[in-house]
Participant: 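Below you will find the structure I want to go over with you.
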Amino acid sequence: QVQLVESGGGLVQPGGSLRLSCTASTNILSINLIRWYRQAPEKERELVAGITRGGSTNYADSVKGRFTISRDNAKNTVDLQMNSLKSEDTAVYYCYALTSRQWWGQGTQVTVSS
């Protein structure tokens with residue numbers, strides 16, 4: 001079983017930055033894929049960024065150049081550095097992990113507002 005705990009959400013002004021962390025209860029090198037998703041009110045959940053066990057990354061077009069996903073194997077964390085935040089980035093951000101099963105965290109709220 002894999003437990004995922006997100007942290008780092010909060011309120012930030014447009015143009016600001018936040019860093020989200022996803023901490024896994026197991027060695028993240030045993031996880032095939034870790035992703036960040038987000039869900040805004042009345043919208044479907046969407047992929048934000050992902051990182052494979054081999055270190056390959058991918059991003060949604062809407063966040064390319066602004067967000068960076070990274071992994072700390074020693075801490076079993078996957079971080080999402082979010083810069084140049086916009087109001088449309090406001091959402092609940094979820095961590096997702098794929099082993100032989102899919103695992104989700106409970107989410108962390110990010111609000112971008114002046």
Side-chain angles (χ1 to χ4, degrees):
Q1 194 165 8
V2 178
Q3 293 181 321
L4 303 170
V5 178
E6 302 97 335
S7 61
L11 173 64
V12 63
Q13 293 186 343
S17 298
L18 277 177
R19 189 175 184 91
L20 305 183
S21 288
C22 172
T23 302
S25 61
T26 189
N27 186 344
I28 61 171
L29 290 177
S30 69
I31 299 173
N32 297 321
L33 172 66
I34 296 179
R35 289 172 168 163
W36 284 97
Y37 284 81
R38 68 185 180 187
Q39 188 166 18
E42 301 182 357
K43 292 190 176 180
E44 293 187 356
R45 192 170 296 189
E46 64 174 356
L47 174 65
V48 177
I51 185 166
T52 68
R53 182 166 50 192
S56 297
T57 60
N58 69 292
Y59 298 90
D61 288 343
S62 59
V63 307
K64 280 181 182 176
R66 300 189 298 123
F67 291 11
T68 302
I69 190 169
S70 61
R71 187 177 66 198
D72 187 328
N73 298 334
K75 295 181 180 179
N76 290 325
T77 59
V78 172
D79 289 354
L80 185 68
Q81 177 66 42
M82 306 186 295
N83 299 328
S84 303
L85 283 161
K86 306 175 182 179
S87 58
E88 51 262 45
D89 295 317
T90 295
V92 178
Y93 285 69
Y94 296 91
C95 185
Y96 163 95
L98 178 65
T99 58
S100 58
R101 293 176 53 184
Q102 300 180 73
W103 310 91
W104 290 92
Q106 293 195 335
T108 185
Q109 176 70 46
V110 171
T111 302
V112 184
S113 175
S114 55

Participant: Near Q3 CD, under 6.0 Å, is it more than 12 heavy atoms from other residues, nucleotides or ligands?
Facilitator: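 No, because the 6.0 Å sphere around CD of Q3 holds 12 heavy atoms or fewer from other groups.
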
Participant: Strictly by modelled atom types, are S70 and D79 linked by a side-chain donor-acceptor pair under 3.5 Å?
Facilitator: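 No.
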
Participant: Could you name each residue pair satisfying side chain to side chain donor-acceptor pair (under 3.5 Å) that touches residues 23-35, not counting sequence neighbours?
Facilitator: N32-R53, R35-Y37

Participant: Y59 and V48: side chain to side chain contact (heavy atoms under 4.5 Å, CB included), yes or no, with the steps?
Facilitator: CA-CA 6 Å; Y59 298 90; V48 177; over 6 Å; no

Participant: Going by salt bridge (charged side-chain N to carboxylate O under 4.0 Å, His left out), name the residues that satisfy it together with R45, two or more places apart in sequence or in a different chain.
Facilitator: none

Participant: Short question: side chain of N76, backbone of I28 - any donor-acceptor pair under 3.5 Å?
Facilitator: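 Such a contact is found between N76 side chain and I28 backbone.
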
Participant: Return yes when atom CD of E44 has more than 12 non-hydrogen atoms of other residues, nucleotides or ligands closer than 6.0 Å, and no otherwise.
Facilitator: no

Participant: Just verifying a value: how many Å separate L85 CG and S113 OG, rounded to the nearest 0.5 Å?
Facilitator: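 Interatomic distance, L85 CG to S113 OG, rounded to 0.5 Å: 12.0 Å.
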
Participant: Please identify each residue that fulfils salt bridge (charged side-chain N to carboxylate O under 4.0 Å, His left out) with K64, with sequence neighbours left out.
Facilitator: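 Applying salt bridge (charged side-chain N to carboxylate O under 4.0 Å, His left out) to K64 gives D61.
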
Participant: What residues form a salt bridge (charged side-chain N to carboxylate O under 4.0 Å, His left out) with D89, not counting sequence neighbours?
Facilitator: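 Per chain and number, D89 pairs via salt bridge (charged side-chain N to carboxylate O under 4.0 Å, His left out) with R38, R66.
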
Participant: Of all residues at least two apart in sequence or in a different chain, which pass the side chain to side chain contact (heavy atoms under 4.5 Å, CB included) check with N58?
Facilitator: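 Counting only residues at least two positions away or on another chain, N58 forms a side chain to side chain contact (heavy atoms under 4.5 Å, CB included) with L47.
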
Participant: Might you point out which heavy atoms bring C95 and I34 nearest each other, and give the distance in Å?
Facilitator: SG-CG2, 3.9 Å

Participant: For Q39, look at atom CD and say whether over 12 heavy atoms of other residues, nucleotides or ligands are found less than 6.0 Å away.
Facilitator: yes

Participant: Would you please name every residue forming a side chain to side chain contact (heavy atoms under 4.5 Å, CB included) with V110, sequence neighbours left out?
Facilitator: L18, L20, M82, Y93, V112

Participant: How many angstroms lie between atom CD of Q13 and atom OG1 of T111, to the nearest 0.5 angstrom?
Facilitator: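 Answer for the CD-OG1 pair, Q13 versus T111, is 13.0 Å.
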
Participant: Hey, is the main chain of G9 close enough, under 3.5 Å, to the side chain of T108 for a donor-acceptor pair?
Facilitator: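 Such a contact is found between T108 side chain and G9 backbone.
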
Participant: Is the backbone N or O of L29 less than 3.5 Å from a side-chain atom of R71, with the two atoms forming a donor-acceptor pair by type?
Facilitator: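 Side chain of R71 to backbone of L29, a donor-acceptor pair under 3.5 Å: no, none is there.
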
Participant: Once rounded to the nearest 0.5 Å, what's the spacing between atom CG of L4 and atom CD1 of I31?
Facilitator: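 Answer for the CG-CD1 pair, L4 versus I31, is 6.5 Å.
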
Participant: What's the separation between atom CG in L80 and atom CZ in F67, rounded to the nearest 0.5 Å?
Facilitator: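 Going from the CG atom of L80 to the CZ atom of F67 covers 6.0 Å.
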
